[in-house]
Amino acid sequence: MSCWVPVPEGSDFTLENLPYGVFEPRRGGGGHGPRVGVAIGDQVLDLAAMWAGTPLGADLATGSLNRFLRRGPREWAYVRAEVRRMLETDERRLFCERNLYRLDEVALRLPIEVADYVDFYASEAHAANLGRIFRPETPEPLLPNWKHLPVGYHGRAGTVVPSGTPVRRPAGQRAAGDFGPTLRLDIEAEVGFVVGAPSALGEPVSTGAFAEHVFGVVLVNDWSARDLQRWEYQPLGPFLGKSFATSVSPWVVPLAALEAARVPVPVQEPEPLAYLAEKESWGLDLRLEVSLNGEVVSRPPYRDTYWSPAQMLAHTTVNGASLRTGDLYASGTVSGREPDQFGSLIELSWNGEWPLRLADGSERTFLQDGDTVTIRASAPGVGGGRIGFGEVSGTVVG
Ligand code: CA
């Protein structure tokens with residue numbers, strides 16, 4: 001069976017992918033407002049219309065995925081299988097065709113109403129690079145806790161914005177007595193995990209229950225003001241240097257689409273405590289690509305990330321903290337070992353010491369007003385196919 005919707009060669013949105021987003025037709029559309037859709041090729045299928053008149057349809061006719069996500073993994077699997085059947089058979093083809101919109105004729109919204117936002121620090125290469133940059137006097141770049149637990153912090157859910165939202169250069173304290181716009185505006189290329197099914201307060205979620213709670217994956221750009229961050233972060237961690245904007249991609253790729261991308265995480269030594277152990281390690285072979293003003297400046301490999309998403313989730317809840325539908329947690333900057341695999345400008349320019357030279361002849365250490373950063377990613381799909389994530393993009397405004 002094949003898909004009757006044309007899927008152009010190299011498209012991110014194949015039949016094996018079927019990512020979810022929230023869209024609104026730019027014109028026409030009968031004033032229906034935003035609703036949930038699934039991307040296929042260059043189009044989006046209006047799921048609210050496909051289930052119109054049912055309770056599920058009501059949960060899909062809203063401005064976020066949350067009500068659908070709250071239904072849990074059995075319903076996610078049912079809808080995914082049904083959508084696939086709609087796109088492979090002629091049973092409802094005429095009705096489907098009336099509810100397909102071209103992607104260039106819709107506006108994409110933030111896909112989820114973000115409940116809590118947590119950001120980790122799970123890439124060893126990134127943590128080691130920042131250790132070398134910030135603590136050059138100590139021979140060991142990682143802090144003593146780093147290989148014992150996934151280090152993270154709670155971020156600001158209300159400033160998670162969809163791709164395309166302009167990013168205003170934040171002002172703040174850059175050093176003692178020095179207030180002004182950040183002079184060290186940076187990016188962090190990350191992978192984000194969307195929690196669908198909630199958990200009860202007081203009951204930790206085990207690594208084995210990862211797929212019962214986590215629905216899917218988005219791309220994240222954790223914009224960072226390094227001068228603000230450096231001055232404020234001790235002893236309680238990141239605060240205003242991070243909370244002004246976090247951009248996410250509009251399409252949530254379901255975990256179910258990433259079976260062929262599953263790989264073991266790197267060897268973990270020392271062996272993690274029992275609550276962080278996994279029966280089968282759940283790393284993901286996501287290949288990220290970071291572009292600055294259209295030019296690829298880095299290709300970070302997510303598969304090298306030390307802590308798996310299931311371990312990060314187990315750690316988040318080991319104290320009994322409950323999960324809510326719409327929780328988002330991100331991996332932290334994804335960096336590989338090679339200099340062309342670093343996921344932030346502070347690493348790519350080594351704290352500003354080695355400016356990047358761009359194709360137009362200009363140089364960058366940190367971002368200038370007008371700069372546009374775009375992160376894309378792909379993963380292997382079943383049968384040699386490719387799963388694309390679309391993109392998360394943002395332009396800096398002064
Ligand atoms: Ca981060």
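In this chain, residues are counted from 1 in sequence order. Numbering of ligands and ligand atoms starts at 1, following listing order. As the structure is a prediction and not an experimental result, all values here were calculated from the model.
Taking 4.0 Å as the cut-off between side-chain N and carboxylate O, D119 and K242 do not count as a salt-bridged pair. A salt bridge links R226 with E188: at least one charged nitrogen is closer than 4.0 Å to a carboxylate oxygen.
Ring centroids of W307 and F120 are separated by 6.0 Å or more, keeping the two rings apart.
Of all protein N/O/S atoms, those under 3.0 Å from the Ca ion (ligand 1) are D119 OD2, E188 OE1, E190 OE2, D222 OD2, and waters are not counted.
Heavy-atom contacts from other residues, nucleotides or ligands closer than 6.0 Å to CD of E9 number 12 or fewer.
Residues passing the side chain to side chain donor-acceptor pair (under 3.5 Å) test with T159: none are found, sequence neighbours excluded.
The minimum heavy-atom distance linking W76 with F68 is given by the pair NE1-O, 3.6 Å.
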